[in-house]
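Notes follow the structure.
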Amino acid sequence: SDDSDCKGGVPNFVFASAQGGALPLPTWKLTWCSEKCFKPDRKPEYDELLAEVQFLAGSLEPFKKVEPNEKAKRFSIWAQKWAAGTKYVLLMDWREAKPCLHFLTKTGPRVQPSLLIVMCEEGNAV
């Protein structure tokens, strides 16, 4: 099976440093909702983001597009099941901002992220 489709959430990442030593268990998550997170031209960005998150004792939870608004749907399912009591940052592209924020306005404070980041790559997106 292809880990890049993330149908069940995060792929099985090994938490190990570049020097081969074990990293501490994750204490927070970066939840990334973007249709581009697994595109080949984004691999350097993805790898760097993963390394930085792991360095800061976090884990990366990417969601990619399968159907319209599917990332936001997967995020909402993940958040309802796992986010309560979990420290997480929600990183989303402009297309996912509205459905993700719509979901968050209907949830209680235990599911809210510690930080929201909306990535806009084009000047006309804002």
Side-chain angles (χ1 to χ4, degrees):
S1 108
D2 180 8
D3 282 341
S4 66
D5 66 4
C6 286
K7 290 181 181 170
V10 70
N12 295 321
F13 293 118
V14 175
F15 289 94
S17 70
Q19 294 78 26
L23 293 172
L25 290 176
T27 59
W28 65 281
K29 292 184 181 288
L30 176 69
T31 304
W32 186 13
C33 293
S34 173
E35 66 184 285
K36 299 178 181 181
C37 64
F38 292 109
K39 297 223 181 242
D41 63 329
R42 291 296 181 109
K43 181 146 178 40
E45 179 183 5
Y46 179 89
D47 291 344
E48 183 176 339
L49 187 58
L50 177 62
E52 292 296 325
V53 167
Q54 288 180 341
F55 178 76
L56 296 169
S59 65
L60 182 60
E61 186 93 26
F63 297 94
K64 84 168 196 174
K65 189 172 197 166
V66 176
E67 298 173 14
N69 296 321
E70 185 67 22
K71 292 178 298 302
K73 181 180 177 184
R74 287 184 183 177
F75 162 68
S76 67
I77 292 168
W78 173 84
Q80 290 172 12
K81 187 173 183 179
W82 299 107
T86 300
K87 294 178 185 175
Y88 75 99
V89 173
L90 176 56
L91 173 65
M92 61 200 134
D93 60 29
W94 183 248
R95 288 182 159 187
E96 299 309 314
K98 185 176 180 180
C100 286
L101 293 173
H102 179 75
F103 163 75
L104 289 171
T105 61
K106 298 183 179 302
T107 64
R110 291 194 48 154
V111 179
Q112 299 299 314
S114 300
L115 178 67
L116 293 167
I117 302 169
V118 180
M119 291 189 312
C120 298
E121 296 183 24
E122 299 174 13
N124 60 357
V126 181

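Small disclaimer: the values here were computed from a predicted structure and weren't measured.
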Side chain to side chain contact (heavy atoms under 4.5 Å, CB included) between L116 and L101: does it pass, once the steps are laid out?
CA-CA 9 Å; L116 293 167; L101 293 173; 3.7 Å; yes
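- Smallest separation of non-hydrogen atoms from F75 and C100: CD2-SG, 3.9 Å.
- Between the side chain of T27 and the backbone N or O of A57, at least one donor-acceptor pair lies under 3.5 Å.
- Using cut-offs of 30° and 60° for the angle between ring planes, the W78 and Y88 rings count as perpendicular.
- Put simply, the side chain of Q54 does not reach to within 4.5 Å of the side chain of L60, judged on heavy atoms.
- For L56, the side-chain contact (heavy atoms from CB on, under 4.5 Å) partners two or more places apart in sequence, or in a different chain, are W28.
- Applying the side-chain contact (heavy atoms from CB on, under 4.5 Å) test to T107 and every residue at least two apart in sequence or in another chain returns F103, L104, V111, Q112.
- Scanning all heavy atoms of the two residues, the minimum distance from L91 to L30 falls at CB-CD1, 3.9 Å.
- Interatomic distance, C33 SG to M119 CE, rounded to the nearest 0.5 Å: 10.0 Å.
- Looking at heavy atoms from C-beta onward, T31 lies out of side-chain contact with P113 at the 4.5 angstrom threshold.
- Hydrophobic cluster membership differs between W32 and I77, with clusters built from Ile, Leu, Val, Met, Phe, Trp and Tyr side chains linked at under 4.5 angstrom.
- Taking CD from E45 and NZ from K39, the interatomic distance works out to 13.0 Å, rounded to the nearest 0.5 Å.
- Distance check: C37 SG to R42 CZ gives 9.5 Å after rounding to the nearest 0.5 Å.
- For the salt bridge (charged side-chain N to carboxylate O under 4.0 Å, His left out) test, no residue two or more places apart in sequence or in another chain qualifies with E52.
- When the salt bridge (charged side-chain N to carboxylate O under 4.0 Å, His left out) test is applied to D47, the partners found at least two apart in sequence or on another chain are K43.
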